[in-house]
Amino acid sequence: MTTESNLTLAALASATMPNIAVSGISDGEQLAAQDIAAGIRTAVIRDTSGHLYDVVAAARQQGKKLLKSQVHAALALSRARETAGLGFSIERIVSYEAGDDKEASTGTTGVVMAAHCDGHPRKLSALTIDECMAVGTAIGAIHRMRPNFLKDESYPCYSTEQIHRQLTGWIRTLSKAGHIPREITSSWAQIVETEGLWSFSTCTVHGGFHDGDIIFNGSNLTGIHRWQNMQMNDPARDLAWIFAKLDEEHRNALLSSYGRMMGSRLDSLIMLRANLWLQMEKVSDLIQALDSANNDAIVTFRAEVERLAHQIAMKHVDMQKVPAHRDPNAGAPSTITVGSLLASGDDSDASRHAARHAYKGDESLRPANINDMNGISGSTGTTGQGHHPTLNHAVVSPEDSLRDKSAAPKAPESTRHSGNAGTSQSIDSANRLDDHNDLNMDDHPTEVVQAAEVANRHQQDQETIVIPVQKLHDAVGEHNQTKDNS
């Protein structure tokens, strides 16, 4: 950012907080891609007492709307007692000007002043093993938060039954519309009827992680930002991104720490649902492109959807070739229990062996954004834990191109294996939040995390536009109406 831009932000900071005495300003870097696309700018302000503040400004309507939603979420979290034991910081708003009044101190520019969080944002695809473990623990701490405050603050709250019913309706709508290959919709229809898939309780979710949301100071996770999409929903929504951003070893590190944090609350088919959300998000991109008549996007997204359909079809063919009676000398199926990842120490041979063979495949594209599932409210749906058969549905990666893990840069040993204070802190804090939930997995029945047997092992990183899955249903209806009118 230029010196002139920083000086402008310093002037806006002084207008928003008249009592602040600015002694210095530096470039801010804690912005996400969606912030930058919305024209949001940021800088770090230092006052004469040495305190640091983030000044964030937006002149465009899109940016001001995004800032408003972020501020609303941050203030809601600040009023909630549940956040006290998270073990990391959230955005703490000091002052805010919406920019809706020309006569206001900042005019038509929206400005937010927030306490600065020490550290730097990390790209999700660049997380080290220790950082993945810290993220898994942090996500577990979020999912353990009691969701009562979400209802009090009028954020969306969905039950398991409502999610199941809505997904089933979307699949039927897509099947009738005919825009999506039948292989995809048929596969989805089978997956949503998987026994035990809906045997979980909805919980507090962040709403989907993106580059810039997670702040690290060294190897310690110090903050998680951008909670505007938080709600009570399927916990799989917060884990979907790991299949687009992380390789197998890093995924397993994250999932093992997440499993330790969740304890008996971990449902066994969460990863299958995570892949389902990702595939639906890619299809929603195509529907949105069709609705907006964006020819370039239509060509791009249709090719990806057709490739996904082809891979699903090939997977069904391969499954039909499997002999009915398994060779007793053959190896075990490619499923793994969370307990096997947790049973041994992180440095043991057994743990490393499990990490290499757990969750083979199951790649997908990108986490879904859930901020627009409006018009539905309900209590948490709770059902009993049922029997979970070995997964036989064709859930495949939408991508053919594979990332060579051997070519990926390796983090220094001191970084990859250093201790993480944030992890222990989050676990201790979560215990204070819920004394009745024992984190020792040895005291609970082992929950089986099923994974599809897929050839694609590593996923190429994707940088694509996030579109709420709710628009999948709306866009189909609008497109059909437009086609009928024409």
Side-chain angles (χ1 to χ4, degrees), residues 143 147-148 150-151 154-180 182-208 229-240 265 267-288 291 312 364 367-389 391 393-395 450 467-481:
H143 292 176
N148 298 354
L150 292 169
K151 299 177 183 178
S154 300
Y155 276 85
C157 296
Y158 305 101
S159 68
T160 307
E161 292 79 8
Q162 287 171 328
I163 297 172
H164 185 193
R165 190 163 57 247
Q166 195 169 61
L167 284 183
T168 303
W170 289 342
I171 293 171
R172 282 199 302 264
T173 301
L174 284 173
S175 299
K176 292 178 181 179
H179 302 303
I180 307 303
R182 180 176 299 179
E183 293 88 347
I184 295 177
T185 53
S186 297
S187 175
W188 288 355
Q190 293 177 19
I191 290 172
V192 297
E193 298 305 323
T194 298
E195 182 182 357
L197 189 66
W198 306 103
S199 297
F200 70 94
S201 296
T202 55
C203 64
T204 302
V205 299
H206 174 272
N229 296 326
M230 66 178 179
Q231 56 188 261
M232 189 167 72
N233 209 306
D234 183 357
R237 304 302 291 266
D238 279 350
L239 294 172
R265 300 183 183 187
D267 71 276
S268 61
L269 297 182
I270 189 172
M271 291 295 100
L272 177 58
R273 294 197 310 277
N275 275 276
L276 181 64
W277 289 120
L278 289 172
Q279 292 187 8
M280 283 190 163
E281 177 60 23
K282 180 48 57 181
V283 169
S284 75
D285 286 337
L286 174 59
I287 298 299
Q288 182 73 10
D291 185 58
I312 289 176
S364 195
N369 190 343
I370 54 178
N371 59 321
D372 279 352
M373 292 178 65
N374 297 322
I376 299 179
S377 63
S379 60
T380 301
T382 306
T383 57
Q385 292 292 334
H387 172 68
H388 306 301
L391 173 64
H393 298 304
V395 180
Q450 301 289 355
I467 296 177
V469 174
Q470 172 63 32
K471 293 183 180 178
L472 179 65
H473 182 263
D474 298 338
V476 169
E478 294 172 2
H479 182 76
N480 289 339
Q481 184 177 3

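Hydrogens, waters and symmetry mates are skipped; everything else that's a heavy atom, side chains included, is used.
A distance-only check finds a donor-acceptor pair linking the side chain of T160 to the backbone of F200 [under 3.5 Å]. One N or O on the side chain of D267 and one on the backbone of I270 form a donor-acceptor pair closer than 3.5 Å. R237 places no side-chain N or O within 3.5 Å of a backbone atom of G208 that could act as its donor or acceptor partner. Under the 3.5 Å distance criterion, the side-chain polar atoms of S186 are left unmatched by any main-chain donor or acceptor of E183. Under the 3.5 Å distance criterion, the side-chain polar atoms of W198 are matched with a main-chain donor or acceptor of V192. Using a distance-only test at 3.5 Å, with no hydrogens or angles considered, no donor-acceptor pair links the side chain of D234 to the main chain of T202.
Looking at every heavy atom in both residues, L269 comes nearest to E195 through CD1-O, 3.7 Å. Minimum interatomic distance between T185 and S175 (heavy atoms only, all atoms of both residues): CB-OG, 3.4 Å. Residues C157 and Q162 share a closest heavy-atom pair of O-OE1, 3.9 Å. Scanning all heavy atoms of the two residues, the minimum distance from R273 to A236 falls at CB-CB, 3.9 Å. Residues P235 and S201 come closest through the heavy atom pair CD-O, 4.2 Å. Heavy-atom minimum distance, M232 versus L150: N-CD1, 3.6 Å.
Considering only heavy atoms from C-beta on, L167 comes within 4.5 Å of W277 through its side chain. Side-chain contact between H206 and H143 is absent, with no heavy-atom pair separated by less than 4.5 Å. Contact annotation: the side chain of Q231 approaches that of V205 to within less than 4.5 Å [non-hydrogen atoms, C-beta and beyond].
Expressed to the nearest 0.5 Å, how far CD1 of I312 lies from CH2 of W188 amounts to 8.0 Å. Taking OG from S284 and CG from D291, the interatomic distance works out to 12.0 Å, rounded to the nearest 0.5 Å. Between atom CG of residue L174 and atom CD1 of residue I287 there is a gap of 5.5 Å, rounded to the nearest 0.5 Å. For the atom pair CD1 (I163) and CG (N233), the distance works out to 4.0 Å, reported to the nearest 0.5 Å.
Just one of Q166, M280, K176 meets the side-chain contact (heavy atoms from CB on, under 4.5 Å) condition when paired with I171; it is M280.
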field: L286/H179 under side chain to side chain contact (heavy atoms under 4.5 Å, CB included): CA gap, chis, key distance, verdict
entry: CA-CA 9 Å; L286 174 59; H179 302 303; 5.8 Å; no
